[in-house]
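Okay, so here's the structure we're looking at.
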There are 2 protein chains.
Amino acid sequence: MQEKEVTIYDLAERLNISATTVSRGLQDHPAINIKTKKRIFDLAAEMGYRSNKFASNLRRQKTNTIGVIVPRLNSLFMSSVLSGIERSVNNAGYNLIISQSFEKESKEKTNAKTMFNNRVDALIVSLSSDTADFSHFDPFLKKNIPIIFFDRTTEAMNSTTVVIDNFKAGYLATEHLITQGCREILHITGNIDRNVYADRLKGYKKALLDHQIDFREDLFISNDLSEGAMHDALIAHVIKRKQLPDGLFVTNDSAAAFALTILKGAGLRIPEDIAVVGFNNDLISRVTEPPITTINYPGNEMGERIARILIDHLDGDGNPDLNSQIVLNTDLIIRASSIRKKTYE
Amino acid sequence: MQEKEVTIYDLAERLNISATTVSRGLQDHPAINIKTKKRIFDLAAEMGYRSNKFASNLRRQKTNTIGVIVPRLNSLFMSSVLSGIERSVNNAGYNLIISQSFEKESKEKTNAKTMFNNRVDALIVSLSSDTADFSHFDPFLKKNIPIIFFDRTTEAMNSTTVVIDNFKAGYLATEHLITQGCREILHITGNIDRNVYADRLKGYKKALLDHQIDFREDLFISNDLSEGAMHDALIAHVIKRKQLPDGLFVTNDSAAAFALTILKGAGLRIPEDIAVVGFNNDLISRVTEPPITTINYPGNEMGERIARILIDHLDGDGNPDLNSQIVLNTDLIIRASSIRKKTYE
DNA sequence: TTGTAGGCGTTATCAC
DNA sequence: GTGATAACGCCTACAA
């Protein structure tokens, strides 16, 4: 039943030429006669030939495979990034192996090991929220396998990073709330060991400072942004208190949507009682009531940017340093969840 | 800079044994002396040896890689399925290559070809919405590479399929609306060439029939369930008419959320004017106002089921037929978007 | 423009 | 318990 695999030798034999010529023909080598090439391709199609990547990889010491490790795939942002990466990378003849760390350092380490053993030509990583140790990336560095970090990056390794201007984003979000009359702005965010959350926090603080508002520890919560965590945080730190904040800046749209739901459930009006700003411009931010003001996060652009850098590096002489810090622009998208002043544009 | 790759020969030389023994030791072959094994493992660790999968694959004619082609990754359902698949499959020593068809037959064909050339040991597919021709799967069949279809399946190929009971789900959703007093239930769904949508439609029709309600062509819309499509459909077919439907059954939660937003925007009250039921139990169905009644879709369970079938097949003698149709159970999750009768529990 | 030869790193087979 | 050898299918010097 199992058909025998066709090799270049089979083709060579049938065509009365050498396997070398077949190999070259298949690769469109310029030195091969066009007619010969045509005969090779025709026969290859006829016999159902498919090149054996292992043999080829084994010989060339290159896999044409790029590994991607992300915390999760289930956000619009992530799938946009991946979509962008995939498109560019496919066009350049590379394949993608994608894996999820589910926000766990341990899974990230396992994934990294797998990628390493699969001998990916390059690695693209967005760190899990609790990754504190980076030794699982050392083998890549030792073997000169390029790593690009995006979104959730680290300064602990000096690789190329692609990020948005999280400081600016945090600043814009906070300033917007201030402009809307908010003075007690609760900031709920992820693990601030991660650059994205740390930088957004800095932006938040700077905006407060610029508007003569003191930063208050009791208006800052760091958790995992899950539904349960949002619930606990809001019930304990907000709803049970007498004095409510008048603004809320959450660094992820799903979490912002949870928050919205929870607050409304507690009888609060959005944006009148509390104005809300999210982050990412995920689909979910558009279907809540009211829709959520958020930060646009250009996933596709980021993905394509990452892919281009990597491909230029891999297909080039491999020399140019892979140490650049690329910062993409971002904007605030204003929706009803935060508009409290009619006069505001 | 680039360190030389360590091979079993290097280990063999240093240990004064043969490469064969090293290979066996690394694989924990029972015939090898425990002490020898220990020496091998220790040295391997010390020298930073990693096995070369290509050489191994080349030799064994097996890749330990499973390909997955899905329409999109950005739904909770899909990531649950993948998560389930990944967990089981990883434990069994397999890797996953994941790719998205973005609902296009052409991309699906390209992806399939890539998977084929990567010599995946098996393929897991959820069809793109517009796939009408299945010839891209022929090469797999010819080579006896198992294919499992899940969710979006086809009867055109008799492979194993894993689905939920879409008929029952459609029936439950529709009957629920009827129980809530709805009589003119609009059904908006995807391409009914796809089993999932076809079966849900059958369930919808049967529920109507069982309650002496005539099926009306003008209350049935098939589109791509995108935001734009929902907008067009609802504006043209619903809002501009004098007579409104009193129920809406949309076969995907994002689309249901869009619908909810659009209808509310047109001044309609949910569920009083129109009761809404979605599908999938995605996150998004819980954060709209009101939250959306939906069908629970057990993604994780489905993923694990798929993985188990495949692994049993691959690691077994490969004999057992891969032709079973597996149907998982499902439920209706009732939320405020459809509750119109106080008496209803 | 085409061919020869050798090796990429592993594992199956057979032998000891 | 261990080893020698060949083969998996391809690609790249070098040769012609």
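Note on naming: letters A, B, ... go to the chains in the order of the sequence lines (proteins, then strands), and numbering restarts at 1 for each one. When reading the values below, keep in mind they use all heavy atoms of this one structure, side chains included, and skip hydrogens, waters and symmetry mates.
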Pairs involving residues 109-118 of chain A, ordered by first then second residue, that meet salt bridge (Lys or Arg N to Asp or Glu O under 4.0 Å) (sequence neighbours left out):
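Those involving residues 109-118 of chain A are A:Glu105-A:Lys109, A:Lys109-A:Asp133.
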I need the full list of salt bridge (Lys or Arg N to Asp or Glu O under 4.0 Å) pairs touching residues 144-160 of chain B, with sequence neighbours left out, sorted by first then second residue.
B:Glu103-B:Arg152
Residues forming a side chain to side chain contact (heavy atoms under 4.5 Å, CB included) with A:Ser18, sequence neighbours excluded:
A:Thr20, A:Thr21
For B:Asn33, enumerate each residue passing the side chain to side chain contact (heavy atoms under 4.5 Å, CB included) test, keeping only those at least two apart in sequence or located in another chain.
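Result, side chain to side chain contact (heavy atoms under 4.5 Å, CB included) vs B:Asn33: B:Lys35, B:Thr36.
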Rounded to the nearest 0.5 Å, how far apart are CG of B:Leu11 and CZ of B:Arg39?
11.5 Å
So B:Phe54, base contact, sugar-phosphate only, or nothing? Heavy-atom distance under 4.0 Å.
nothing
At under 4.0 Å between heavy atoms, what does B:Ser23 touch on the DNA or RNA strands: base, sugar-phosphate, or nothing?
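Base: the residue B:Ser23, judged by heavy atoms under 4.0 Å, touches a nucleobase.
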Heavy-atom count check: over 12 atoms from other residues, nucleotides or ligands less than 6.0 Å from B:Lys62 NZ?
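Above 12, so yes.
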With a 4.0 angstrom cut-off to heavy atoms of chain A, pull out the first and last contacting nucleotide of DNA chain D, in 5'-to-3' order.
D:dG9 to D:dC14
5' to 3' on DNA chain C, which nucleotides open and close the contacts with chain B (atom under 4.0 Å from a heavy atom)?
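Nucleotide range in contact with chain B: C:dG9 to C:dC14.
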Just grab all the ring-ring contact (aromatic ring centres under 6.0 Å, His included) pairs involving residues 32-83 of chain B, residues at least two apart or on different chains.
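Counting only pairs at least two positions apart or across chains, the ring-ring contact (aromatic ring centres under 6.0 Å, His included) contacts touching residues 32-83 of chain B are B:Phe77-B:Tyr297.
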Mind running a 4.0 Å heavy-atom check of residues 58-65 of chain A against DNA chain C and sending the residues that fall below it, in number order?
A:Leu58, A:Arg59, A:Gln61
Got a sec? Which of residues 26-39 of chain A come in under 4.0 Å of DNA chain C, heavy atoms?
A:Ala31, A:Ile32, A:Asn33, A:Thr36
Mind checking side-chain hydrogen bond (donor to acceptor under 3.5 Å, both in side chains) for A:Arg305 and listing every partner two or more places apart, or none if nothing turns up?
none
Would you mind reading off the bend of the helix from C:dT1-D:dA16 to C:dC16-D:dG1 from its two end axes, five pairs each, to 10 degrees?
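It comes to 30° between the two terminal axes.
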Sequence neighbours excluded, the answer for ring pair (Phe, Tyr, Trp, His ring centres under 6.0 Å) partners of B:Phe102 is none
